[in-house]
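Below is one structure, written out as structure tokens; the observations come after it.
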Amino acid sequence: MSVLSVLDPAVTVAHAVVSAIAHVLPTALAIVLFVLAVRLCLHPLARAAARGEKARSKLAPKVAELNKKHRNSPEKAREALAELYRKEQVSPFAGCLPMLVQIPFFSVMYRLFTTPNDLLDHTLFGVPLGLHVGNAHGAGQFAVFGLLYAGLAAVGYVNYRRARRAAAAQTTPQPGAALLPYLSFASVLFAVLVPMAAGLYLLTTSVWSASERAWLYRGTNQAPAAALAL
């Protein structure tokens, strides 16, 4: 029994909703609309996280000053930072909230699209939604997979450039910060390992995330932790 079987009740609900939409619309479009509806419900959390990230950005000079002041005493530095965040009513983990909330949703969708069910028997431009690229045949099917990966790569590039600008704008570079922008392309690699339906989910949620961040962080160079989320 898979550890993901604990998600089966939620998977059943998701399957029922997508199936209901698929009665009046193509299944691939039903998947897209379902993902967009869930992301819309999560949008208030993203807005709250954006406010927290902007507040943290304003505190960055004070944080750097405290770290410098207590550089020989890590314990005092932690206490001073905790007091600063408490006084300013800012959470140091605010930007992680949308990513953490998305993890269960991603797990449910992964389970739905990797467990055999009737939704995966439908097609997108002639490609079964349950088909892996390794089992594709014919130029047409490979072309559809290619377009999917190209879309994910395009979104990844947008996120990569934004993350690079954010890293360059940091007054105090973080360990490994130079490598983080490259994680923007992780969804492309993951899409190669999953069926077409899961890849369609990845593309939809990636486009939403990139658009949402562009709107919420317009005029800034911030790249929240959620930018790395699927």
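What you see is a predicted model; the values in this text were computed from it and never measured. Side-chain atoms are counted along with the backbone in the values below, which use heavy atoms only and exclude waters and symmetry mates.
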Decide whether Val158 and Phe190 are clustered together by the hydrophobic rule: side chain heavy atoms of Ile, Leu, Val, Met, Phe, Trp, Tyr closer than 4.5 Å, transitively.
no
Roughly how far, to the nearest 0.5 Å, is CG of Leu129 from CG of Leu119?
8.0 Å
For Ser206 against Val155, the heavy-atom pair lying closest together
O-CG1, 3.6 Å
Look up atom CG in Leu40 and atom CD in Glu212, then write down how far apart they are to the nearest 0.5 Å.
9.0 Å
Taking Leu42 as the starting point, is it possible to reach Tyr201 by hopping between hydrophobic residues whose side chains are less than 4.5 Å apart?
yes
Regarding Arg218 and the six-membered ring of Trp215, is the cationic atom NZ or CZ under 6.0 Å from the ring centre and inside 45° of its axis?
yes
Identify the two heavy atoms, one from Leu120 and one from Ala197, that lie closest to each other, and give their separation to 0.1 Å.
CD2-CB, 3.8 Å
Each residue besides Leu189 in its hydrophobic cluster should be listed here, by chain and number; the cluster joins Ile, Leu, Val, Met, Phe, Trp and Tyr at side-chain heavy-atom distances under 4.5 Å.
none
Which pair of non-hydrogen atoms, one from Arg39 and one from Thr205, has the smallest distance, and what is that distance?
NH1-OG1, 2.6 Å
Show the nearest heavy-atom pair for residues Phe145 and His132, with the distance to one decimal.
CZ-C, 3.8 Å
Answer with yes or no whether the hydrophobic clustering places Val6 together with Met109; edges join I, L, V, M, F, W, Y residues whose side-chain heavy atoms lie under 4.5 Å apart.
yes
Joint cluster assignment, Val194 & Leu147, ILVMFWY side-chain distance < 4.5 Å
no
Separation between CZ (Arg164) and CZ (Arg161), nearest 0.5 Å, reads 10.0 Å
Starting from Phe185, walk the hydrophobic network (Ile, Leu, Val, Met, Phe, Trp, Tyr; side-chain heavy atoms closer than 4.5 Å) and list everyone else you reach, by chain and number.
Tyr157, Tyr160, Tyr182
Are Met196 and Phe113 packed together at the side-chain level, in the sense that at least one heavy-atom pair is separated by less than 4.5 angstrom?
no
So CG of Asp8 and CZ of Arg111: to nearest 0.5 Å the spacing works out to 4.5 Å
When the aromatic ring centroids of Phe142 and Tyr149 are compared, is their separation below 6.0 Å?
no
Looking at Leu202 and Ser187, what are the two nearest heavy atoms and their distance?
CD1-O, 3.9 Å
Membership question, hydrophobic clusters at under 4.5 Å side-chain separation (ILVMFWY): are Leu131 and Val192 in the same one?
yes
All N/O donor-acceptor pairs, side-chain side in residues 15-38, below 3.5 Å, sequence neighbours left out:
residue	atom	partner	partner atom	Å
His15	NE2	Asp118	OD1	2.6
Ser19	OG	His15	O	2.7
Thr27	OG1	His122	ND1	3.3

Check: Asn135 side chain, Val133 main-chain N or O, donor-acceptor pair, under 3.5 Å
no
Please report the shortest heavy-atom distance between Gly126 and Gln141, naming the atom on each side.
O-NE2, 3.5 Å
Assert yes or no for the condition that the ring centre distance of Tyr110 to Phe105 is strictly below 6.0 Å.
no
Do the side chains of Glu65 and Lys62 get close enough for a salt bridge, i.e. N-O under 4.0 angstrom?
no
